[in-house]
Structure formats: C-alpha cells, structure tokens
There are 2 protein chains.
Amino acid sequence: MLNNSHYIDKLRSSGLRPTKQRIKICEILFDNEKTFHFTINDLVKKISKTTNDKISLATVYNTVHAFKKKGYLKEIPINSDQSYFDTNTSHHHHFYDENQKDLIDIDDADVEPVKINTRIPGKKIKSVEVLVKVEDAE
Amino acid sequence: MLNNSHYIDKLRSSGLRPTKQRIKICEILFDNEKTFHFTINDLVKKISKTTNDKISLATVYNTVHAFKKKGYLKEIPINSDQSYFDTNTSHHHHFYDENQKDLIDIDDADVEPVKINTRIPGKKIKSVEVLVKVEDAE
DNA sequence: ATTCTACATTATAATAGTTCTAAACTATTG
DNA sequence: CAATAGTTTAGAACTATTATAATGTAGAAT
C-alpha cells in the first residue's frame, strides 16, 4: 500500500466516500505513468491479481460508472461486445485494431483538429471522437 | 408489394438467395429516399408494423449481418447497449444526441477531412469515423 | 416437373455483459 | 457512541446477441 492520501482527498472532494475498494481501484487505474484502456473484465482481472481482498463485480461497475460521471474516466465509443474505458480524459483519439481487439492512443498532435461546420439547434457539442479502425495489412 | 426485381438481382448477384424475408427487409431498409439509422429492435418493430408474415428475430440478425458483410449496411460505433446500423454506406460522420439517443448524419461536406499523421506498422486503415456527441444546451 | 442439395429460416436455448435488489456493512455526522 | 446516509455484496434478473438443430425452400441437376 503506497501513499493514498491524494486519492482519499480526490474522492472526498468529489463527494465520493473513500472506501478501501475505491482507493484500491484508484491505485490500479491511476498509479501509472501512462494511461491505459480497459474493459470491466480487464479491471476485475487486474484487481484479483493485485489484492487478496476481492472486490465484488457490482462494485467494480459502480465505481467505474461513478468515476466516469466525475470525469476521471472516459468511455470510448466502439462497437464491441463490451465497453472500453480510458484513464486518459484529455482530448485524444484512438486506433482500434480489429484483429487484436486492442485500443491504441493517437497522440493528439498527430490528428489535425476536426472541424465540424454544422450545428444542431438547441444542442451543444459534448465531445468529438475519432476512431480509426485498422486491420492487418496483407 | 412494389417492384422487387432490383432487390432480387442485388441479392442474387452478391450470392445471397432472394428469400421473401430478405426482400422484405430490403424494402424496409432501402425503399426510401433518405438513409436511416436503426437498431435491430427498431427494425423488428418496423417489420411487424408493415407485414403480417412475421420474420424471426434470428433471421433479422442474420440478414443485417449478411447485409453488413456485403457492404449494404454500416455499423456505427457508439457506446450504447445496442448496435446501430446505417443504410448510408458512403463516407460520412454522425452526431449522437445523448438525450434523445438519436443518430444524425453529418454531411461529409461539413467535416474537414480528418488527417491522421501516424500509422501502425503492419496495419492498414479500414475506416475513420467521427462521432460528435451532443446534449441539450442549457 | 421432380428430386436433390446446399443454403435459410425458425423457435428456442444458451451466453455474456450489465443492471437491479435488498440485506449487511461502514464512513461520517452529531 | 449512536444515528444515518452512502456503499458493498452475492446473487438474481435483464437485455442484446449468438448458437443449435430441426424444418423449410431456392436453384441446379436430372
């Protein structure tokens, strides 16, 4: 167990009680230099690998949704049989490897800003996401 | 029942037997000036509204997948609990209204071409999709 | 036309991801 | 320390989708 006080503060300041389950999930998700992409299933596996106190599946779902709502996670739009989340909430885009079923960040500098020259009246833009699907070159 | 011969030809020429279920689904999907977006559930409802010969759910799935494989439909990546399909297979992008859970085409002329200045070795780009999520402006 | 065969359709079961439920638990407040 | 409001939990329920295997049908061969 490392220094968790910043997670405790972060959780408390966003109105989430700092339970040990949430702190554990924070450690797994955010104690890392680089951001990563995961499915709920990935996260569950990682939890069981790094702790003996198991966290219930329902709690994993609850926590991921709570973190998403607070803006600590982004959900990535892909048509897949499961949802992908991203710890990198800054503006960036993705490759999706259809063979490996793997997501890869596209550095924002490598994408020209996407200009949308039309609007929907009464609606505001929440996000602009580019998904580049790739497959094995033959 | 209108003139279906072109659907029969289309199906046959792509190696799909022109069954009455497939022809019916062609009529619903393609007998329309403008393209539309739908989920399997939408399509099932539309079928039961326009015909008395019910088509089994499995057939609807099979047919949509077959049409997608042949390139008559596109699947649109959204993180949603169900898959969205589009009869417009030309290059274009989408708004997704998160309040109405509704998809809206973005005319390709209204989006500056998306330039991706990086590649993944050994992979080729299959598609580049822009999804603009919108919500009610307050 | 009739028969044959591969492809299609069907109802239903199975599967998988996700959400719901309601009881037990725990962080925080007074 | 007691009260309470939020949290976790196991398991059931739900929903979209896929698989199964029996029946049906289009197209080819006869």
Side-chain angles (χ1 to χ4, degrees), chain A residues 4-5 7-28 37-48 51-70 72-73 75-85 101 103, chain B residues 4-5 7-26 28 37-48 51-70 72-73 75-85 101:
Chain A
N4 299 318
S5 56
Y7 293 136
I8 293 175
D9 294 345
K10 184 179 177 173
L11 288 167
R12 213 173 335 233
S13 72
S14 51
L16 297 171
R17 287 188 182 169
T19 64
K20 69 176 191 305
Q21 292 87 343
R22 284 173 177 163
I23 294 165
K24 184 76 209 172
I25 290 173
C26 276
E27 288 171 13
I28 290 172
H37 309 109
F38 63 95
T39 63
I40 296 290
N41 190 35
D42 294 336
L43 182 52
V44 166
K45 278 195 260 175
K46 203 153 190 174
I47 291 167
S48 63
T51 185
N52 294 318
D53 320 326
K54 91 180 266 300
I55 299 179
S56 131
L57 181 60
T59 300
V60 179
Y61 274 99
N62 289 343
T63 303
V64 167
H65 287 146
F67 286 5
K68 183 191 166 191
K69 202 169 194 173
K70 294 297 176 185
Y72 304 148
L73 292 174
E75 191 168 359
I76 303 166
I78 309 178
N79 37 23
S80 160
D81 49 345
Q82 47 194 326
S83 293
Y84 279 78
F85 296 88
K101 302 207 174 288
L103 268 171
Chain B
N4 299 319
S5 57
Y7 293 135
I8 293 174
D9 293 346
K10 185 180 176 173
L11 287 166
R12 215 176 330 237
S13 71
S14 51
L16 297 172
R17 287 188 182 169
T19 63
K20 70 176 190 306
Q21 293 87 343
R22 284 173 176 164
I23 294 165
K24 183 76 209 171
I25 291 173
C26 276
I28 290 172
H37 309 109
F38 64 94
T39 64
I40 296 289
N41 191 34
D42 294 336
L43 182 53
V44 166
K45 278 195 260 174
K46 203 152 190 174
I47 291 167
S48 62
T51 185
N52 294 318
D53 319 327
K54 89 180 269 302
I55 299 179
S56 132
L57 181 61
T59 300
V60 178
Y61 273 98
N62 289 341
T63 303
V64 167
H65 287 146
F67 286 6
K68 183 192 165 190
K69 202 170 196 173
K70 295 296 177 184
Y72 304 148
L73 292 175
E75 190 168 0
I76 303 165
I78 308 177
N79 38 19
S80 162
D81 49 345
Q82 45 194 326
S83 292
Y84 279 77
F85 296 89
K101 302 212 173 288

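If you're wondering where the values come from, they're calculated on a predicted model, not measured in any experiment. In what follows, chains are A, B, ... by sequence order, proteins preceding strands, each numbered from 1.
One atom, NE2 of His65(A), and another, P of dT8(D), lie 14 Å apart when rounded to the nearest Å. Between the C1' atom of dT17(D) and the CG atom of Leu43(B) lies a distance of 15 Å, rounded to the nearest Å. In this structure, the CG atom of Asp81(B) is 11 Å from the C1' atom of dC14(D), given to the nearest Å. For Asn79(A) and dA16(D), the CG to C1' distance is 14 Å, given to the nearest whole Å. Taking atom CG on Asn41(B) and atom P on dA16(D), their separation rounds to 6 Å, with Å as the unit. Atom CZ of Phe38(B) is separated from atom P of dA16(D) by 15 Å (rounded to the nearest Å).
Chain B approaches DNA chain C within less than 4.0 angstrom (heavy atoms of the protein), and the contacting nucleotides run 5' to 3' from dA6(C) to dA11(C).
Here the side chain of Lys24(A) pairs no donor or acceptor atom with the backbone of Thr51(A) at under 3.5 angstrom. Listed for the Ser48(A) side chain is a donor-acceptor partner under 3.5 Å among the backbone atoms of Lys45(A). Checking side-chain atoms of Arg22(A) against main-chain N and O of Arg17(A) turns up a donor-acceptor pair under 3.5 Å.
For the pair Leu43(B)/Phe85(B), no side-chain contact is recorded, criterion being any heavy-atom separation below 4.5 Å from C-beta on. With a 4.5 Å cut-off on side-chain heavy atoms, Phe67(A) and Cys26(A) count as touching. Contact check for Tyr72(B) versus Lys10(B): side-chain heavy atoms found under the 4.5 Å cut-off. Put simply, the side chain of Thr19(A) does not reach to within 4.5 Å of the side chain of Thr63(A), judged on heavy atoms. Side-chain contact between Lys46(B) and Asp42(B): absent, with no pair of heavy atoms (C-beta onward) separated by less than 4.5 Å.
No contact: Thr39(A) has no heavy atom under 4.0 Å from any strand.
Toward the 5' end of DNA chain C, the nearer of the two residues Leu16(B) and Leu16(A), judged by each one's closest nucleotide, is Leu16(B).
Pro18(A) approaches Leu11(A) most closely through the heavy-atom pair CA-CD1, 3.8 Å.
The closest side-chain donor-acceptor pair between Asn62(A) and Thr59(A), if any, does not fall under 3.5 angstrom.
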Name the pairs: protein N/O against N/O of nucleotides 23-30 of chain D, kept only if under 3.5 Å.
residue, atom, partner, partner atom, Å
dA26(D), N3, Arg17(B), NH1, 3.4
dG27(D), OP1, Arg12(B), NH1, 2.4
dG27(D), OP2, Arg12(B), NH1, 3.4

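Contact check of residues 54-61 of chain B against DNA chain C (heavy atom, cut-off under 4.0 Å) returns Lys54(B), Ile55(B), Ser56(B), Ala58(B), Thr59(B).
Separation of atoms NZ (Lys54(A)) and CD (Gln21(A)) is listed at 10.5 Å; rounding is to 0.5 Å.
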